[in-house]
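When reading the values below, keep in mind they use all heavy atoms of this one structure, side chains included, and skip hydrogens, waters and symmetry mates. The structure presented is a predicted model; accordingly, all values stated were derived computationally and were not measured.
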Amino acid sequence: MIDWNQIENDALACVARTAADHEKAALVNTRKVLSAYSNHQVADYYLKPSTGYAYSDTGRDELDAIYADIFKTEAALVRSQFVSGTHALAVALLGVLKPGDEMIAATGEPYDTMQTIIGCPVRTPGSLVDLGVTYKQIPMTGDHPDIDGVLRAITPRTRLVHVQRSCGYSSVRKTLTVAEIGEIFAAVKKVRPDIICFVDNCYGEFIEEKEPTEVGADLMAGSLIKNLGGGLAPTGGYIVGRADLVEQASYRLTAPGLGGEMGATLGDTAREYYEGLFLAPHVVLQAVKTSIFAASVFQSLGFAVSPAPEEKRSDIIQTITLKTKENLCHFCEAIQANSPIDAHVRPIPSHLPGYQDEVIMAAGTFVQGASIELSADAPCREPYKVYLQGGLTFEHGQIAIMAAARQIMESLEK
């Protein structure tokens with residue numbers, strides 16, 4: 001007989017023990033945001049919408065400067081016109097890579113939707129490979145990047161080294177810490193200082209006290225409906241880094257010669273971006289606590305989890321190996337049923353653009369697809385790992401995780 005009260009209490013105790021470092025990071029990152037807002041004299045008129053060409057949109061331009069300040073970079077491009085994190089990543093890569101250039105993935109096979117941007121293993125029209133960019137990927141050795149392998153792969157044509165911070169849908173690797181990313185880039189720069197060091201930072205912002213741009217990343221991109229939007233951003237993405245590289249990316253987003261000088265801030269999005277960024281360190285902390293709680297609960301029930309409950313974290317993702325497709329579906333059904341939006345909807349596996357297998361997703365979110373809100377998704381393939389992320393409030397995460405655990409265990413008892 002499962003003692004559910006004991007499992008829940010043990011998980012709460014684990015969160016209390018483990019979250020201290022993340023609470024410190026949330027405090028440090030909140031200070032960063034407040035300092036940037038003060039430095040750039042954020043005022044009410046920054047939050048107003050613009051229309052048309054949106055020349056001299058102060059709120060838009062100052063938000064770029066604030067992101068550059070927070071990430072300690074020369075420039076930033078923060079726009080609602082990015083339809084997703086994948087789009088921001090694509091704009092960055094397509095902006096700086098030209099036919100004949102070579103890109104090396106230093107962290108093995110990237111996330112499914114990144115594979116379509118690259119055009120490997122399936123050649124996609126308009127992808128990097130389709131446009132004449134050479135691509136190599138260096139498998140990780142266990143949980144660690146094969147830095148020597150990356151260095152051996154560099155050729156005179158190598159233009160960019162790509163690092164995916166999060167584990168993505170990989171069943172064999174873990175998320176990299178900022179320090180580990182710094183080690184890769186230090187080694188690359190020692191061999192070829194001119195190589196662009198690029199980071200896919202999705203799911204990783206504000207987890208640690210530093211960001212990859214502080215340890216050698218020249219260019220970085222991510223989504224605003226993940227960590228940095230704080231649950232308020234309705235859409236959008238960002239690119240930060242060296243000024244020349246951000247400018248090249250901006251020409252890919254709009255048009256050569258126009259770049260970041262244009263792009264209207266419609267409706268109430270300026271307020272949502274500013275307020276969301278202000279809330280983001282705290283909201284990220286809620287998501288991390290939810291992940292720790294989930295890891296403790298499911299590990300106590302005999303399921304493999306990564307990261308382990310008390311392991312150091314560098315993104316908001318918690319993986320749980322649920323062993324069967326049925327368990328996977330039960331988990332997602334329970335998360336959906338305990339969501340604020342569309343709780344009456346039953347998620348089912350289906351094929352989605354950019355993914356190689358059927359995917360099941362639970363996302364009863366206020367912003368469609370916002371993975372800073374509590375959500376879960378998984379490719380329907382062995383070993384049937386579910387990828388849990390988000391949680392605007394820890395209380396919501398606690399309720400939904402316990403419901404998912406009960407639904408799975410009750411189904412196994414039948």
Side-chain angles (χ1 to χ4, degrees), residues 82-90 109-127 164 166-172 200 202-203 223 225-226 234-235 237 287 290-291 294 298 303 315-391 396-397 400-401 403-405 407-408 410-412:
F82 288 120
V83 302
S84 65
T86 300
H87 183 201
L89 294 164
E109 184 176 81
Y111 188 74
D112 291 42
T113 53
M114 271 298 300
Q115 294 175 30
T116 62
I117 296 171
I118 296 164
C120 180
V122 178
R123 188 157 179 163
T124 313
S127 65
Q164 180 177 289
S166 181
C167 63
Y169 277 168
S170 172
S171 60
V172 296
D200 172 351
C202 289
Y203 305 102
S223 169
I225 62 170
K226 295 183 174 67
T235 187
T290 298
S291 292
F298 277 87
F303 294 94
D315 69 3
I316 62 171
I317 296 176
Q318 178 63 50
T319 69
I320 306 167
T321 303
L322 293 171
K323 304 175 184 177
T324 69
K325 184 176 180 179
E326 290 72 24
N327 287 345
L328 201 64
C329 291
H330 285 310
F331 184 96
C332 291
E333 288 166 8
I335 297 297
Q336 187 76 35
N338 286 274
S339 296
I341 306 297
D342 289 334
H344 60 286
V345 174
R346 181 170 175 259
I348 58 173
S350 60
H351 288 285
L352 295 176
Y355 294 89
Q356 297 178 21
D357 301 274
E358 280 190 328
V359 175
I360 184 166
M361 293 187 171
T365 56
F366 292 97
V367 174
Q368 188 182 78
S371 44
I372 191 58
E373 301 184 51
L374 187 65
S375 59
D377 54 273
C380 292
R381 62 184 183 225
E382 292 184 345
Y384 298 106
K385 278 190 177 185
V386 71
Y387 296 78
L388 176 77
Q389 56 268 321
H396 174 214
I401 295 304
Q407 183 162 330
I408 288 174
E410 287 171 2
S411 72
L412 293 175

Of S166, S371, S375, the residue whose pairing with Q389 passes side-chain hydrogen bond (donor to acceptor under 3.5 Å, both in side chains): S375

[X] side, atom [atom1]; [Y] side, atom [atom2] - distance, nearest 0.5 Å:
{"X": "I408", "Y": "I320", "atom1": "CD1", "atom2": "CD1", "result": "7.5 Å"}
{"X": "Y203", "Y": "Y111", "atom1": "OH", "atom2": "OH", "result": "4.5 Å"}
{"X": "I225", "Y": "S84", "atom1": "CD1", "atom2": "OG", "result": "7.5 Å"}
{"X": "Q164", "Y": "L89", "atom1": "CD", "atom2": "CG", "result": "9.0 Å"}
{"X": "I348", "Y": "E333", "atom1": "CD1", "atom2": "CD", "result": "10.0 Å"}

F331/F298 aromatic ring centres below 6.0 Å: yes

Look only at the side chain of [X] and the backbone of [Y], and say whether a donor-acceptor pair between them is shorter than 3.5 Å.
{"X": "T124", "Y": "V122", "value": "yes"}
{"X": "E373", "Y": "G390", "value": "no"}
{"X": "S339", "Y": "I335", "value": "yes"}
{"X": "Q336", "Y": "D342", "value": "yes"}
{"X": "N327", "Y": "L322", "value": "yes"}

Does the side chain of [X] reach to within under 4.5 Å of the side chain of [Y], using non-hydrogen atoms?
{"X": "C332", "Y": "M361", "result": "no"}
{"X": "D357", "Y": "C380", "result": "no"}
{"X": "C167", "Y": "T319", "result": "yes"}
{"X": "E358", "Y": "P379", "result": "no"}
{"X": "I118", "Y": "P110", "result": "yes"}

Lys NZ or Arg CZ of K325 over Y384 ring: under 6.0 Å, within 45°: no

Contact summary for [X] and [Y], nearest pair of heavy atoms:
{"X": "V386", "Y": "A376", "answer": "CG2-CB, 4.0 Å"}
{"X": "G119", "Y": "S127", "answer": "CA-OG, 3.3 Å"}
{"X": "A88", "Y": "G237", "answer": "CB-CA, 4.5 Å"}
{"X": "V367", "Y": "T365", "answer": "O-OG1, 2.6 Å"}
{"X": "Q407", "Y": "A334", "answer": "OE1-CB, 3.6 Å"}
{"X": "G397", "Y": "T290", "answer": "CA-CG2, 3.7 Å"}

Derivation of the side-chain contact (heavy atoms from CB on, under 4.5 Å) call for T321 and F303: CA-CA 6 Å; T321 303; F303 294 94; 6.0 Å; no

Step-by-step side-chain contact (heavy atoms from CB on, under 4.5 Å) determination, I401 to L388: CA-CA 10 Å; I401 295 304; L388 176 77; 3.5 Å; yes

